[in-house]
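What follows is one structure encoded as structure tokens, with my remarks underneath.
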Amino acid sequence: AQSQYNLGTMYLNGIGVPKDFAEAVKLYRKAADQGDANAQYNLGWMYDNGTGVPKDSAEAVKLYRKAADQGDADAQSSLGLMYAKGEGVPKDLVQAHVWWNIAGAKGHKDAKTNLGIIEKEMTDAQKEKAMDLARELFAKLPKGK
């Protein structure tokens with residue numbers, strides 16, 4: 001899975017090979033299906049942005065979630081953004097807070113910034129619920145990157 005991920009990244013960025021999004025998608029999909037969190041995140045990003053594939057927020061959320069469940073902070077932060085915007089999932093500030101809290105605890109700067117912004121839109125009860133859910137989920141997740 002790692003070599004497919006690396007090769008996919010080369011095609012995505014045109015490093016040593018011609019830039020080829022279709023080839024990157026194919027390689028990332030293979031690695032993602034084998035459980036590679038980096039490939040799941042990158043493929044999710046491609047679906048989120050419509051890069052090399054039609055934009056598909058629901059597919060992006062699925063892939064981000066797989067990587068987030070493996071402890072990937074970038075995927076956790078992206079998942080928070082999807083919940084905050086209601087893209088691919090119903091808008092849910094509590095879930096956005098949960099994922100940004102977890103990613104922020106790993107030092108993800110965007111997640112920390114977004115958490116501060118979203119808290120201004122939340123009630124104390126929502127924040128309390130989000131903190132409880134984040135603690136529960138954080139204890140179960142692998143630490144990841």
Side-chain angles (χ1 to χ4, degrees), residues 1-13 15 20-145:
Q2 184 65 44
S3 61
Q4 286 149 340
Y5 165 75
N6 291 338
L7 195 52
T9 300
M10 290 171 69
Y11 277 106
L12 178 66
N13 297 301
I15 301 169
D20 185 339
F21 292 145
E23 192 62 26
V25 168
K26 189 168 70 174
L27 290 160
Y28 282 155
R29 174 64 65 194
K30 209 177 224 183
D33 289 347
Q34 293 174 21
D36 186 293
N38 291 321
Q40 290 163 343
Y41 168 74
N42 282 15
L43 189 56
W45 180 89
M46 292 178 84
Y47 277 104
D48 193 4
N49 292 282
T51 303
V53 292
K55 184 171 172 58
D56 185 340
S57 298
E59 184 64 16
V61 167
K62 284 182 202 169
L63 288 158
Y64 285 155
R65 180 64 196 247
K66 286 179 180 184
D69 284 345
Q70 292 186 63
D72 187 293
D74 290 328
Q76 291 164 345
S77 182
S78 294
L79 197 52
L81 192 58
M82 300 301 272
Y83 277 108
K85 291 180 172 181
E87 290 183 6
V89 288
K91 184 173 181 170
D92 186 333
L93 298 183
V94 170
Q95 283 298 313
H97 189 289
V98 167
W99 288 107
W100 283 335
N101 189 346
I102 290 170
K106 295 178 179 180
H108 195 286
K109 287 184 174 86
D110 290 342
K112 287 180 180 181
T113 300
N114 291 339
L115 191 60
I117 293 168
I118 203 170
E119 282 186 340
K120 294 173 185 159
E121 300 176 37
M122 298 173 71
T123 65
D124 287 343
Q126 286 176 312
K127 287 185 251 185
E128 194 173 313
K129 181 179 180 184
M131 292 295 287
D132 289 343
L133 290 170
R135 270 191 292 277
E136 201 176 292
L137 187 56
F138 193 76
K140 294 177 189 174
L141 292 174
K143 297 312 163 219
K145 63 174 185 77

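Because the structure is a prediction, the values reported are computed rather than measured.
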| said: Using a 3.5 Å distance criterion without hydrogens, assess whether the side chain of Asp92 forms a donor-acceptor pair with backbone atoms of Val94. | reply: yes
| query | Is Gln76 close to Lys106 at the side-chain level, that is, under 4.5 Å between some pair of heavy atoms? | reply | yes
| Ring centres under 6.0 angstrom apart (Tyr64, Tyr41) | yes
| said: I want to check something: taking the side chain as every heavy atom from C-beta on, are Thr9 and Asn13 in contact at a cut-off of under 4.5 Å? | reply: yes
| Glu128 CD: over 12 foreign heavy atoms closer than 6.0 Å | no
| field | Side-chain heavy atoms of Ser78 within contact of Trp45, under 4.5 Å | value | no
| Where is the tightest heavy-atom contact between Ala96 and Ala84, given as atom of each residue plus distance? | CB-N, 3.7 Å
| request: Verify, without hydrogens or angle tests, whether Gln126 (side chain) and Thr123 (backbone) share a donor-acceptor contact under 3.5 angstrom. | output: yes
| query | Does the distance from a Lys or Arg side-chain N to an Asp or Glu carboxylate O, for Arg65 and Glu59, drop under 4.0 Å? | reply | no
| message | So does Leu79 get a backbone contact from the side chain of Trp99, meaning a donor-acceptor N/O pair under 3.5 Å? | response | no
| query | Should the pair Lys30-Asp33 be classified as a salt bridge under the 4.0 Å nitrogen-to-oxygen rule? | reply | no
| said: One pair to check against side-chain contact (heavy atoms from CB on, under 4.5 Å): Gln95 and Val89. What are the steps and the verdict? | reply: CA-CA 10 Å; Gln95 283 298 313; Val89 288; over 6 Å; no
| note | Here the pair of heavy atoms bringing Met82 nearest to Ser57 is CE-O, 3.6 Å
| task | Rounded to the nearest 0.5 Å, what's the gap from NZ on Lys120 to CG on Leu115? Could you check? | result | 11.0 Å
| Considering only heavy atoms from C-beta outward, does the side chain of Val25 approach that of Tyr11 to under 4.5 Å? | no
| message | Using modelled atom types and a 3.5 Å cut-off, is there a donor and acceptor pairing between side-chain atoms of Asp72 and backbone atoms of Ala68? | response | no
| query | Quick one: does Asn101's side chain get under 4.5 Å of Arg135's, heavy atoms only? | reply | no
| field | Point-to-point distance, once rounded to the nearest 0.5 Å, from CG of Asp48 to CG of Leu43 | value | 11.0 Å
| request: Give, for atom CD of Gln4 and atom CD of Gln34, the distance between the pair rounded to the nearest 0.5 Å. | output: 4.5 Å
| query | If you take all heavy atoms of Leu63 and Gln40, which pair is closest and at what distance? | reply | CB-O, 3.4 Å
| Reported CG-to-CE distance for the pair Leu12 and Met10, which is rounded to 0.5 angstrom | 12.0 Å
| said: Is there a side-chain contact between Glu119 and Lys127 in this structure, where contact means two heavy atoms from C-beta onward sitting under 4.5 Å apart? | reply: yes
| request: Using atom types as modelled and distance alone, determine if a side-chain donor or acceptor of Ser77 lies under 3.5 Å from a backbone N or O of Ala73. | output: no
| field | Asn49 side-chain N/O to Thr51 backbone N/O, donor-acceptor pair under 3.5 Å | value | no
| task | Taking ring pair (Phe, Tyr, Trp, His ring centres under 6.0 Å) as the test, write out the residues that go with Tyr47, two or more places apart. | result | none
| said: Measuring from atom CD1 of Ile102 to atom CG of Leu137, what distance do you get when rounded to the nearest 0.5 angstrom? | reply: 4.0 Å
